[in-house]
Amino acid sequence: MHYDRRLPESRDTYTRIYAAVRRIPAGKVATYGQVASLAGLPRRARQVGYALHALPEGSDVPWQRVINARGEVSPRTASIGWESVQVQILETEGVVFDESGRVDLEVYRWEPS
DNA sequence: AAGTTGACTATTT
DNA sequence: AAAATAGCCAACT
């Protein structure tokens, strides 16, 4: 098969991002930038956020395991409230947040081997 | 088709 | 340590 290389990553960009997110084990987290690199899309952290935002509700993609580089769940501009849901799910998975709502990335960041 | 937007990040105040 | 700045880049309008 013969693909048109002029087309950017195109639609399979999202697929690759989702695949990377699916690799994050429960009890661990990854940052947007980390997921981007893992998906072979370095420097495209914002696109990862975009992809997750587009995710349908019943998805099997563990979107809650992706947090920002400061160790906090990223604030949405709209539909506020999901942040706390995200925190709750992560706590269920064993991730600990400190009193300021932050995760110690030194401890919980997923390091693929 | 050009300008805006954003679930980002690294750097500088 | 928290907030503003600047750089980023594809999706969206």
Side-chain angles (χ1 to χ4, degrees):
Chain A
M1 302 254 176
H2 195 278
Y3 297 97
D4 187 341
R5 303 193 8 56
R6 290 173 306 178
L7 286 172
E9 306 85 7
S10 76
R11 77 245 147 230
D12 81 357
T13 294
Y14 278 21
T15 305
R16 294 167 68 171
I17 291 173
Y18 297 151
V21 173
R22 267 190 271 255
R23 296 175 53 198
I24 309 170
K28 290 287 179 180
V29 297
T31 65
Y32 293 93
Q34 196 182 345
V35 169
S37 301
L38 251 31
L41 307 166
R43 240 172 264 122
R44 268 164 245 196
R46 304 191 86 134
Q47 266 36 71
V48 172
Y50 224 108
L52 294 187
H53 186 72
L55 219 42
E57 199 160 339
S59 172
D60 58 331
V61 176
W63 53 273
Q64 66 277 11
R65 300 186 194 143
V66 184
I67 65 179
N68 66 31
R70 297 171 27 191
E72 317 180 278
V73 311
S74 274
R76 277 64 161 168
T77 34
S79 26
I80 335 129
W82 279 99
E83 295 91 330
S84 53
V85 172
Q86 179 169 4
V87 171
Q88 284 172 27
I89 301 175
L90 286 176
E91 286 177 332
T92 295
E93 296 181 347
V95 176
V96 175
F97 287 77
D98 67 18
E99 57 282 346
S100 49
R102 217 129 36 153
V103 170
D104 185 350
L105 286 176
E106 297 277 329
V107 175
Y108 295 100
R109 182 201 290 275
W110 173 51
E111 332 251 4
S113 42

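Numbered from 1 within each chain, the chains take letters A, B, ... in sequence-line order.
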Can you give me the N/O atom pairs linking the protein to nucleotides 1-4 of chain C at distances under 3.5 Å, or say none if there are none?
residue : atom : partner : partner atom : Å
dA2(C)  : OP2  : R102(A) : NH2          : 3.3

query: With distance as the sole test, does S84(A) use its side chain to make a donor-acceptor pair with the main-chain N or O of G81(A) at under 3.5 Å?
result: yes
- prompt: Going 5' to 3' on DNA chain B, which nucleotide is the first and which the last to come under 4.0 Å of a heavy atom in chain A?
  reply: dG6(B) to dT9(B)
message: Are the side chains of I67(A) and L90(A) in contact, using a 4.5 Å heavy-atom criterion?
response: yes
query: What residues, two or more places apart in sequence or in another chain, satisfy side-chain hydrogen bond (donor to acceptor under 3.5 Å, both in side chains) together with T77(A)?
result: none
message: Measuring only between side-chain heavy atoms, which start at C-beta, is V48(A) closer than 4.5 Å to L41(A)?
response: no
query: Within the structure shown, what part of the strands sits under 4.0 Å from W63(A) by heavy-atom distance: base, sugar-phosphate, or nothing?
result: base
field: Note, V73(A) side chain near W82(A) side chain (heavy atom, < 4.5 Å)
entry: no
Show the distances under 3.5 angstrom between N or O atoms of the protein and N or O atoms of nucleotides 7-9 of chain C.
residue : atom : partner : partner atom : Å
dG7(C)  : O6   : R46(A)  : NH1          : 3.4
dC8(C)  : O2   : R46(A)  : NH1          : 3.2
dC8(C)  : N3   : R46(A)  : NH1          : 3.4
dC9(C)  : O2   : Q47(A)  : OE1          : 3.4

- prompt: Any side-chain heavy atom of V96(A) sitting closer than 4.5 Å to one from Y108(A)?
  reply: yes
- request: Sequence neighbours left out, what passes side-chain contact (heavy atoms from CB on, under 4.5 Å) with P25(A)? Give chain and number order.
  value: K28(A), W110(A)
message: Assess the residue pair L38(A) and V21(A) against the criterion (side chain to side chain contact (heavy atoms under 4.5 Å, CB included)); give the C-alpha distance rounded to whole Å, side-chain angles, the decisive distance to 0.1 Å, and a yes or no.
response: CA-CA 9 Å; L38(A) 251 31; V21(A) 173; over 6 Å; no
field: Within residues 49-56 of chain A: residues closer than 4.0 Å to DNA chain B (heavy atoms)
entry: G49(A), L52(A), H53(A)
- prompt: Is there a side-chain contact between R65(A) and V95(A), using heavy atoms and a 4.5 Å cut-off?
  reply: no
message: Show, in sequence, the C-alpha distance, side-chain angles and deciding distance for I17(A) and V61(A), and conclude whether the side chain to side chain contact (heavy atoms under 4.5 Å, CB included) test is met.
response: CA-CA 10 Å; I17(A) 291 173; V61(A) 176; over 6 Å; no
- request: Taking the side chain as every heavy atom from C-beta outward, state whether S74(A) and Y32(A) have any atom pair closer than 4.5 Å.
  value: yes
message: If you define the side chain from C-beta out and look only at heavy atoms, does anything of F97(A) sit under 4.5 Å from E72(A)?
response: no
query: With a non-hydrogen cut-off below 4.0 angstrom, is Q86(A) in contact with a base, only sugar-phosphate, or nothing?
result: base
Least distance between heavy atoms, A30(A) atom then I24(A) atom: CB-CD1, 3.7 Å
